[in-house]
Amino acid sequence: MVTPHALTEHVSLKDVTNVWLLAFPALFSIVNPLGASLIFAQATMGRSRQEVISLARVVAFNSFAILMISSWFGGWILNFFGITIDALRVSGGLVVASRAWVMLQEPEENEARKERQALQGGKTITSADLRDKAFFPLAMPFTVGPGSISVAIALSSGRSLGGSAPSHFFGLALAVIAISLVIAVVYSYAERVVVALGQTGARIVSRLSALILLCIGIQIFFAGIEGFIVSVATRLSTIDHF
């Protein structure tokens, strides 16, 4: 979370880079654009090249908007209900880790769920319908679902890698921009990705991404635990002084 006052703090390129290196792999792992492109190719089968590119760009922009809004306001909404940063880190880390564990153990079920979301349970989708569905379900929940939103909120929950608030904000924003560009490019060339990866290759990428996401979830979780420990130690120290 970044307050207007915090934006006046110093921005460090090193801190921005560190945040980006944490946030981008996390978002890439949960979104999994390579695996999702296989299903996107099915949803756009028979469409013109220009139509596919246009749709891919709209889906990428919608995904960008969803992730940025989650990053900006998700933490503030939780803070409104009195939820502390450390509690958000612990719960967010658990959500991310549990999501990654499911992806790691059952990639086929995750693929089937996304396919149902994108293809609307096997219904025939016309060109007009496909354009209308650029936000729902192709952007949300197919590309950016509850898991991706949870990751974005967890990443915005505080400066787990240190540094100033603006550095954290800009690093996370750049990560969201980067993943949106990846979505646009990969979806635009979805047919080529299908040929290059195939079903087996996509599942290998999914499992590797899930493993990375699991590690990031654990890191966020322990950042929250560390925060709780420091907070308790500070309070005990204050009591001792009295």
Under 3.5 Å: donor-acceptor pair, side chain of T44, backbone of R47: no

Check the pair S71, I153 against side-chain contact (heavy atoms from CB on, under 4.5 Å), reporting the backbone distance first and the verdict last. CA-CA 5 Å; S71 301; I153 294 175; over 6 Å; no

Show the nearest heavy-atom pair for residues L34 and V193, with the distance to one decimal. O-CG1, 4.0 Å

Heavy-atom pair with the smallest gap, counting every atom of V31 and S148: CG2-OG, 3.8 Å

Kindly indicate, with the supporting measurements, whether the criterion side-chain contact (heavy atoms from CB on, under 4.5 Å) is fulfilled by V151 and L67. CA-CA 9 Å; V151 170; L67 290 174; over 6 Å; no

Report yes or no: does S167 contribute a side-chain atom to a donor-acceptor pair with the main-chain N or O of S12 at less than 3.5 Å? yes

In Å, rounded to the nearest 0.5 Å, how long is the span from OG of S188 to CZ of R57? 6.5 Å

For the backbone of M140 and the side chain of N62, can you confirm whether one donor and one acceptor N or O come within less than 3.5 Å of each other? no

Which atom names give the shortest non-hydrogen contact between V186 and P33, and what distance separates them? CG1-O, 3.6 Å

When rounded to the nearest 0.5 Å, the distance separating CZ of F136 from CZ of F142 is 13.0 Å

Minimal heavy-atom distance between A41 and A190, with the atoms involved, is CB-CB, 3.9 Å

Expected output: side-chain T234 to main-chain V230 donor-acceptor under 3.5 Å: yes

If only atom types and distance count, is the side chain of S70 paired as donor or acceptor with the main-chain N or O of I66 below 3.5 Å? yes

Run the side-chain contact (heavy atoms from CB on, under 4.5 Å) check on I177 and M68 step by step: do they pass? CA-CA 9 Å; I177 292 172; M68 284 305 300; 5.7 Å; no

Do we see a donor-acceptor contact under 3.5 Å between the side chains of Y187 and T143? yes

For the OG atom of S63 and the CZ atom of F135, what is their distance to the nearest 0.5 Å? 9.0 Å

Which heavy-atom pair separates A134 from V58 by the least distance, and what is that distance? CB-CG1, 3.5 Å

Looking at Y189, is R49 sitting on its ring face, NZ or CZ under 6.0 Å from the six-membered ring centre and within 45 degrees of the normal? yes

One should read off an interatomic distance between E191 CD and F40 CZ, to the nearest 0.5 angstrom, of 10.0 Å

Are I30 and L21 linked, directly or through intermediate hydrophobic residues, by side-chain heavy-atom contacts shorter than 4.5 Å (ILVMFWY only)? yes

When rounded to the nearest 0.5 Å, the distance separating CZ of F61 from CG of L181 is 12.5 Å

Going by the angle between their ring planes, with limits at 30° and 60°, are F28 and F24 parallel, tilted or perpendicular? tilted

Rounded to the nearest 0.5 Å, the CG atom of N32 sits from the CG atom of L38 at a distance of 9.5 Å

If you look at every heavy atom in H168 and L155, which pair is closest and at what distance? NE2-O, 2.6 Å

